[in-house]
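So the structure is just underneath, and the comments pick up after that.
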Amino acid sequence: MQIRAHDIFKSFPGASRAALNGVSLNVGSGELVALLGPSGGGKTTLLRIIAGLDLPDSGQVFFGDEDASQKSVQERRVGFVFQSYALFKHMTIEENVSFGLSVRARADRPAKAEIRRRARELLDLVQLSGLEGRRPAQLSGGQRQRVALARALAVEPRVLLLDEPFGALDAKVRRELRSWLRELHGRTGHTTLFVTHDQDEALELADRVAVLSGGRIEQIGTPDEIYDHPATAFVHGFIGESTAIPAQLRAGEVFIGEHRVELPAADRLARAADGEGRLFVRPQDVLIGDEGPGALPAEIISVRRSGPTRRAEIGFPFSRASVEAEAPPFAALTPGERVPVRFRRGAFFLQEDARA
């Protein structure tokens with residue numbers, strides 16, 4: 001089932017700006033799409049409007065060719081999973097999963113035996129067989145979230161909507177459930193839209209990622225497109241790690257102060273006009289000790305351990321800016337040491353576009 005949100009506007013009383021400002025989004029049938037961005041960017045508001053839990057000020061929501069804008073949550077037939085699980089504490093796991101089917105109108109309600117069969121089938125799907133008689137308090141956080149997902153699937157939804165589904169879990173459990181959710185999506189094929197502020201989660205799970213900020217979609221693309229070819233300064237600054245260096249573009253060449261920067265992979269340059277802006281570079285694209293074309297004089301400010309790698313902070317004598325860089329293996333770098341530096345790639349954005 002395809003989801004299409006068209007030109008959605010939404011404001012809340014007392015807010016200084018719109019929660020959604022003309023957002024349009026297409027989610028293909030069977031696709032898994034992540035809504036990624038900082039808090040207050042509009043992710044959950046868009047998800048709730050698609051679910052029917054909130055109504056837009058203007059704009060439309062389509063499921064397939066059907067305009068669902070004025071339909072209730074029940075009529076839209078969505079499965080919704082919240083960060084807080086929202087399980088009934090007094091019910092068993094099986095009763096929680098069965099709930100959506102049990103409260104249907106009599107004419108649409110399956111027989112009790114069918115409801116039970118369906119619930120147990122889903123508990124097996126989410127790898128919780130044998131725990132049917134337990135209550136939520138007797139399960140771990142990861143298990144409770146699997147129950148919440150099974151309950152959402154029990155009503156045979158046309159689309160599945162997940163709002164920060166792993167947000168309340170610790171890092172190790174989150175990583176385990178990411179892999180599990182990707183596998184489950186491959187087996188069920190539900191059209192799925194999920195909200196997250198965790199970029200690793202979005203890039204690992206999603207077929208495509210929509211980056212939202214300030215009520216607008218900054219970029220939509222595959223994880224590789226979002227990471228390797230950010231369309232805006234905000235996306236470059238938000239996805240992965242990067243440093244923004246004050247720079248200028250002159251006749252298609254980037255300069256930091258009076259030093260020209262060699263950027264063999266700066267695909268933004270062909271589309272930018274001359275002017276003041278910022279050059280964004282990632283730590284893995286800063287080459288320490290490389291004296292090739294465009295090398296810049298630099299100085300090691302500090303060196304520290306960062307997980308399995310070492311990081312160096314590097315300053316430039318001709319600029320107050322500094323950059324983070326991955327230190328070469330076994331290199332004996334010391335603070336105060338002068339080294340040449342080159343950038344493997346970078347992205348330049350004019351000042352008016354460089355509001356990361």
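Val209 approaches Pro223 most closely through the heavy-atom pair CG2-CG, 4.4 Å. Here the closest non-hydrogen pair linking Pro136 and Leu87 is CG-CB, 4.0 Å. Across all their heavy atoms, Pro317 and Pro297 have their closest contact at CD-O, 3.3 Å. Across Ala150 and Leu122, no two heavy atoms sit closer than the pair O-CD1, 3.5 Å. Of all heavy-atom pairs between Phe238 and Pro38, the closest is CZ-N, 3.8 Å. Contact record, Ala251 with Asp274: N-OD2, 2.7 Å, taken as the closest heavy-atom pair.
Atoms CG and CD1, from Leu36 and Ile239 in turn, are 4.5 Å apart once rounded to the nearest 0.5 Å. Between Ser39 atom OG and His197 atom NE2 the span is 7.0 Å, to the nearest 0.5 Å. In this structure, OG on Ser102 lies 9.0 Å from NZ on Lys112, to the nearest 0.5 angstrom. The distance from atom CG of Leu162 to atom OG1 of Thr196, rounded to the nearest 0.5 Å, is 10.5 Å. Rounded to the nearest 0.5 angstrom, Ile3 CD1 and Leu161 CG are separated by 5.5 Å. Of the inter-residue distances, the one linking Leu139 atom CG with Arg146 atom CZ reads 11.0 Å to the nearest 0.5 angstrom.
Asn96 places a side-chain N or O within 3.5 Å of a backbone atom of Phe88 that can act as its donor or acceptor partner. No donor-acceptor pair under 3.5 Å is formed between the side chain of Thr92 and the backbone N or O of Arg134. Without hydrogens or angle criteria, Glu114 side chain to Ala111 main chain gives no donor-acceptor distance under 3.5 Å. The closest donor-acceptor contact from the side chain of Arg345 to the backbone of Asp228 lies under 3.5 Å. Judged by distance alone, the side chain of His185 and the main-chain N or O of Gly30 form a donor-acceptor pair under 3.5 Å. In terms of modelled atom types and a separation under 3.5 Å, the side chain of Glu183 and the main chain of Trp180 share no donor-acceptor contact. The closest donor-acceptor contact from the side chain of Arg77 to the backbone of Glu156 lies under 3.5 Å. Not one N or O on the side chain of Arg278 forms a donor-acceptor pair closer than 3.5 Å with the backbone of Ala247. Counting only distance, with no hydrogens or angles, the side chain of Gln145 and the backbone of Val81 share no donor-acceptor pair below 3.5 Å.
At least one side-chain heavy atom of Val341 sits under 4.5 Å from a side-chain heavy atom of Val286. No side-chain heavy atom of Ile301 sits under 4.5 Å from any side-chain heavy atom of Pro335. Side-chain atoms of Phe9 and Val23, non-hydrogen and from C-beta on, never get closer than 4.5 Å to each other. The shortest side-chain heavy-atom distance between Leu205 and Arg182 falls under the 4.5 Å cut-off. Within the 4.5 Å cutoff, side-chain heavy atoms of Arg187 are placed close to those of Leu125. No side-chain heavy atom of Phe194 sits under 4.5 Å from any side-chain heavy atom of Leu35. Within the 4.5 Å cutoff, the side chain of Thr222 has no heavy atoms near those of the Asp207 side chain.
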| Run the side-chain contact (heavy atoms from CB on, under 4.5 Å) check on Leu279 and Phe343 step by step: do they pass? | CA-CA 11 Å; Leu279 175 67; Phe343 300 143; 4.0 Å; yes
| request: Decide yes or no on side chain to side chain donor-acceptor pair (under 3.5 Å) for Thr192 and His190, but give the supporting numbers first. | output: CA-CA 6 Å; Thr192 302; His190 280 87; over 6 Å; no
| message | Between Glu326 and Thr309, does the side chain to side chain donor-acceptor pair (under 3.5 Å) criterion hold? Intermediate values first, please. | response | CA-CA 7 Å; Glu326 292 185 358; Thr309 64; 5.2 Å; no
| request: Dump the intermediate steps for side chain to side chain donor-acceptor pair (under 3.5 Å) on Ser24 and Asp7, then the final yes or no. | output: CA-CA 5 Å; Ser24 295; Asp7 205 22; 4.9 Å; no
| request: Could you go through the side-chain contact (heavy atoms from CB on, under 4.5 Å) check for Leu193 and Leu25 one step at a time? | output: CA-CA 11 Å; Leu193 186 62; Leu25 175 69; 4.2 Å; yes
| side-chain contact (heavy atoms from CB on, under 4.5 Å) evaluation trace for Leu46 with Leu20 | CA-CA 7 Å; Leu46 179 58; Leu20 295 173; 4.0 Å; yes
| Under the side-chain contact (heavy atoms from CB on, under 4.5 Å) criterion, do Val147 and Leu149 qualify, and how do the steps go? | CA-CA 5 Å; Val147 174; Leu149 189 53; over 6 Å; no
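Other residues, nucleotides and ligands contribute more than 12 heavy atoms inside 6.0 Å of the NE2 atom of His259. In this structure, Arg216 places its CZ atom where only 12 or fewer heavy-atom neighbours from other residues, nucleotides or ligands lie under 6.0 Å away.
Glu94 has a carboxylate O that lies under 4.0 Å from a charged side-chain N of Arg120, or vice versa, which qualifies the two as a salt bridge. Electrostatic pairing of Arg208 and Glu31 counts as a salt bridge here, judged by a charged N lying under 4.0 Å from a carboxylate O. Look at Glu121 and Arg117 and you find a salt bridge, because one of the NZ, NE, NH1 or NH2 atoms lies within 4.0 Å of a carboxylate O, short of that distance. In summary, Arg178 and Asp198 engage in a salt bridge, as defined by a charged side-chain N under 4.0 Å from a carboxylate O. Between Arg311 and Glu313, no side-chain nitrogen of the basic residue sits less than 4.0 Å from a carboxylate oxygen of the acidic one, so the salt-bridge criterion is not met.
Under a hydrophobic-cluster definition in which Ile, Leu, Val, Met, Phe, Trp and Tyr are linked whenever side-chain heavy atoms come within less than 4.5 Å, directly or via other members, Val155 and Ile93 are assigned to different clusters. Using a 4.5 Å cut-off between side-chain heavy atoms of Ile, Leu, Val, Met, Phe, Trp and Tyr, with links allowed through other members, Leu212 and Phe12 fall into different hydrophobic clusters. In the hydrophobic clustering of this structure, Leu131 groups with Leu184; members are Ile, Leu, Val, Met, Phe, Trp, Tyr whose side-chain heavy atoms approach within less than 4.5 Å, directly or through other members. Leu287 is not connected to Ile314 by any chain of hydrophobic side-chain contacts under 4.5 Å among Ile, Leu, Val, Met, Phe, Trp and Tyr, and they are in different clusters. Hydrophobic clustering (side-chain heavy atoms under 4.5 Å, transitive across Ile, Leu, Val, Met, Phe, Trp, Tyr) groups Ile256 together with Val323.
Note on residues 283-305: pairs passing side-chain hydrogen bond (donor to acceptor under 3.5 Å, both in side chains), not counting sequence neighbours, are Tyr227-Gln284, Asp285-Arg344, Asp290-Arg342, Arg304-Glu324.
Note that Arg250 lies in the cation-pi zone of Phe255, set by a 6.0 Å cut-off to the ring centre and a 45° limit from the axis.
The aromatic rings of His236 and Phe280 sit tilted, their planes meeting at an angle between 30° and 60°.
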Below 3.5 Å, can you tabulate the donor-acceptor pairs from side chains in residues 50-69 to any protein atom, sequence neighbours excluded?
{"from": "Asp54", "atom 1": "OD2", "to": "Arg48", "atom 2": "NE", "distance (Å)": "3.0"}
{"from": "Asp57", "atom 1": "OD2", "to": "Ser11", "atom 2": "N", "distance (Å)": "2.7"}
{"from": "Gln60", "atom 1": "NE2", "to": "Asp67", "atom 2": "OD2", "distance (Å)": "2.9"}
{"from": "Glu66", "atom 1": "OE1", "to": "Arg158", "atom 2": "NH1", "distance (Å)": "3.4"}
{"from": "Glu66", "atom 1": "OE1", "to": "Arg158", "atom 2": "NH2", "distance (Å)": "3.1"}
{"from": "Asp67", "atom 1": "OD1", "to": "Ser69", "atom 2": "N", "distance (Å)": "2.9"}
{"from": "Asp67", "atom 1": "OD1", "to": "Ser69", "atom 2": "OG", "distance (Å)": "2.6"}
{"from": "Ser69", "atom 1": "OG", "to": "Val61", "atom 2": "N", "distance (Å)": "2.9"}

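Defined by atom type and a distance below 3.5 Å, a donor-acceptor pair is missing between the side-chain atoms of Ser29 and Gln2.
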